[in-house]
There are 2 protein chains.
Amino acid sequence: MNTFTGLSAFPLTPLHDDQVDEPSFIAMVQRLCAAGVDSITALGSTGSYMYLSREERARVAELAVEHSTNVPVIIGVGAMRTSQVLANIDDAKAAGAEGVLLAPVGYQKMSDSEVLDLYRAATDHSELPVIVYDNPGTTHFAFTKDLYARIAALPGIASIKVPGVPDDPGKAKDHIAAIRSVLPAHVTIGVSGDALGAAGLIAGCDAWYTAVGGILPQPMMAITRAAQSGDHHRALAASRDLQPLWSLFTEFGGSLRVRAAIAEHFGLAQFDCLPKPIRGLDDAQRQKLIKVLLDLGLDETVPG
Amino acid sequence: MNTFTGLSAFPLTPLHDDQVDEPSFIAMVQRLCAAGVDSITALGSTGSYMYLSREERARVAELAVEHSTNVPVIIGVGAMRTSQVLANIDDAKAAGAEGVLLAPVGYQKMSDSEVLDLYRAATDHSELPVIVYDNPGTTHFAFTKDLYARIAALPGIASIKVPGVPDDPGKAKDHIAAIRSVLPAHVTIGVSGDALGAAGLIAGCDAWYTAVGGILPQPMMAITRAAQSGDHHRALAASRDLQPLWSLFTEFGGSLRVRAAIAEHFGLAQFDCLPKPIRGLDDAQRQKLIKVLLDLGLDETVPG
């Protein structure tokens, strides 16, 4: 199967005392493999890639590959400076990754030409397949369909991670079809957005690049397999069942903090696992989250 | 004189072959000292701080202090993770800096509490005075007046670098007075924005944190001294004379690229001195810029 299809689970990179909590990270990777995810993307946004040093990132890449079993590993390599991106690609390759995820992260606002330069430099530098990471919420860069086309025409581009799909199913399908019409046939499209996996897969996406799937893989695998088998009704119903969780993502100012709190609640990470100055949820928010998890029966999804 | 008043010039950190071009940087620092600037802030946005490694930043801080003569040096220490900020503060202190400039740079959107935590950590960690760097164009973080007040109440906060002032002089004065009303008396206010120095100083700012002053110090010093002496007419006229330059800043998508091209044209930096993927101006843009510089007689401002 194409590495850049199906469910790619994005684990957290949990910290403890400002160091990467390696045992917790290893256990997360093993848990994702046990859940049968199609790939693991370490050092995505939810893996705090921009908060870690090159050395920390190289180590996380090594751990991810070393502890995954029969599951391809993709590594986030985004950085502010092109040379830093290329160094991260070298580290991902040395670790044994099967692909890299690259977002245009800038401090200065970038032009389309500069972003194209960045992807050209990455694909010229290495034969590791590249996922184009379109994450405007964090990068503040707005891709156009034309820029997708110009980047996807570079040899080495394997996939595009799009930020979401419109709510209306017909519009979602048209949206994905319009993107696909400008891409070479071998370039897959993956949807992001924890609440939008079912809708995205049904709209024609090949992959779900899912952060919540890095923490709650089993319900997200169920959604993915239902959508892949053509059972759209079941996929949408399973996603809709999780609505109380999706609502907390909005209410608590970003899904990362909620995912971290779930990991901490389940013992998958130690308390306060996000890189400071990012704070975790407060006590009241955690109580509300735990109630939602219990109501949804999600404790049962944790093996062991 | 208070270090955090007057004209603080922000030099570029020019690169050559993806390495810090140390001779060019040293010459820039010396040139600013010769022009009589009140302080030098190295590793601001225009000094590409977010594109450089900790080691590169520590080296730039050392060079700035070592080669400045009777001019206090302030060092930009912003980073994504609190522990990285503290490490940069240690390096700035070891270099002999007299203050640090700190922006809330995040990949994940930060809350007010998280930003307050960051400034508390910085001021708890070191006695080096801190300039709060409000630069929404690059950080995408929006300070409120209430947050200014809470941060400025921390011991160790010396100044706030505000992004600009309203066009209308009366509104600009009210705006600065409103900010000042929530700050302790010892906290200065400095205006940013290359085109807004005169207006900001006249509106009551104590300092002009100026990026263009890092490259064209003499005309900016003339504006500053006129404003400080109460000759508002002369300050505004001198700034208005530079309107063709301010217009290029807007037209060419951000003033950093224009400043870099000016430095390259004057031989203050080697060609292509910005960190990739940031591209410099193209040939047509450079020709237009050079014509503006000639028309303004700005070549004469370069010593030697």
Side-chain angles (χ1 to χ4, degrees), chain A residues 15 17-19 44-56 76 78-87 103-122 135-141 252-257 260 274-280 282, chain B residues 15 17-19 44-56 76 78-87 103-122 135-141 252-257 260 274-280 282:
Chain A
L15 301 188
D17 281 343
D18 201 51
Q19 304 291 319
S45 293
T46 204
S48 294
Y49 72 107
M50 282 302 294
Y51 294 86
L52 305 177
S53 68
R54 177 180 177 185
E55 293 69 29
E56 289 171 322
M80 295 264 174
R81 186 158 143 210
T82 300
S83 58
Q84 294 164 339
V85 171
L86 303 186
V105 195
Y107 180 79
Q108 300 288 343
K109 187 173 161 57
M110 275 186 277
S111 69
D112 283 9
S113 303
E114 289 168 341
V115 170
L116 182 62
D117 282 353
L118 177 69
Y119 285 97
R120 186 182 291 114
N135 191 344
T138 55
T139 64
H140 307 281
F141 181 80
F252 292 162
S255 54
L256 174 65
R257 292 164 179 82
L274 294 173
K276 288 189 195 333
I278 305 176
R279 281 188 188 185
D282 66 27
Chain B
L15 301 188
D17 282 343
D18 201 52
Q19 304 292 319
S45 293
T46 205
S48 294
Y49 73 107
M50 282 303 294
Y51 294 86
L52 305 177
S53 69
R54 176 181 177 184
E55 293 70 28
E56 289 170 324
M80 296 265 175
R81 187 159 141 209
T82 300
S83 56
Q84 295 165 339
V85 171
L86 302 186
V105 195
Y107 180 79
Q108 301 288 343
K109 187 173 161 54
M110 274 186 278
S111 68
D112 283 9
S113 303
E114 290 167 342
V115 170
L116 182 61
D117 281 353
L118 177 68
Y119 285 97
R120 186 181 291 114
N135 191 344
T138 56
T139 64
H140 308 280
F141 181 80
F252 293 162
S255 54
L256 174 66
R257 292 163 179 83
L274 294 172
K276 287 189 194 339
I278 306 176
R279 281 187 188 186
D282 66 28

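Below, read A as the first sequence line, B as the second, and so on, with proteins coming before strands; counting in each chain starts at 1. Since we're looking at a predicted model, the values are computed, not measured. Only this structure's heavy atoms are used, side chains among them; waters, hydrogens and symmetry mates stay out.
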Test log, rule side-chain contact (heavy atoms from CB on, under 4.5 Å), inputs B/Arg81 and A/Leu52: CA-CA 8 Å; B/Arg81 187 159 141 209; A/Leu52 305 177; 3.6 Å; yes
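Interface remark: of the candidates B/Leu274, B/Leu256, B/Thr139, B/Leu116, B/Leu256 forms the most heavy-atom pairs closer than 4.5 Å to chain A. When the candidates B/Gly106, B/Pro275, B/Ser53, B/Ser45 are compared by the number of heavy-atom contacts under 4.5 Å with chain A, B/Ser45 comes out ahead. When the candidates A/Arg279, A/Met50, A/Lys109, A/Lys276 are compared by the number of heavy-atom contacts under 4.5 Å with chain B, A/Arg279 comes out ahead. Of the listed residues (B/Asp18, B/Val105, B/Leu118, B/Val115), the one with the most heavy-atom contacts under 4.5 Å to chain A is B/Asp18.
Remark: A/Phe252 pairs with no residue by the ring-ring contact (aromatic ring centres under 6.0 Å, His included) rule, at least two apart or across chains. For B/Tyr119, there are no ring-ring contact (aromatic ring centres under 6.0 Å, His included) partners two or more places apart in sequence or in a different chain.
By the 4.5 Å heavy-atom criterion applied to side chains, B/Tyr107 and A/Asn135 are counted as neighbours. With a 4.5 Å cut-off on side-chain heavy atoms, A/Ser48 and B/Gln108 do not count as touching. Between B/Met110 and B/His140 there is no side-chain heavy-atom pair separated by less than 4.5 Å.
Interface residue B/Leu15: only side-chain heavy atoms are found under 4.5 Å from chain A. Proximity to chain B is limited to the side chain of A/Gln84, based on heavy atoms less than 4.5 angstrom apart. Proximity to chain A is limited to the side chain of B/Arg257, based on heavy atoms less than 4.5 angstrom apart.
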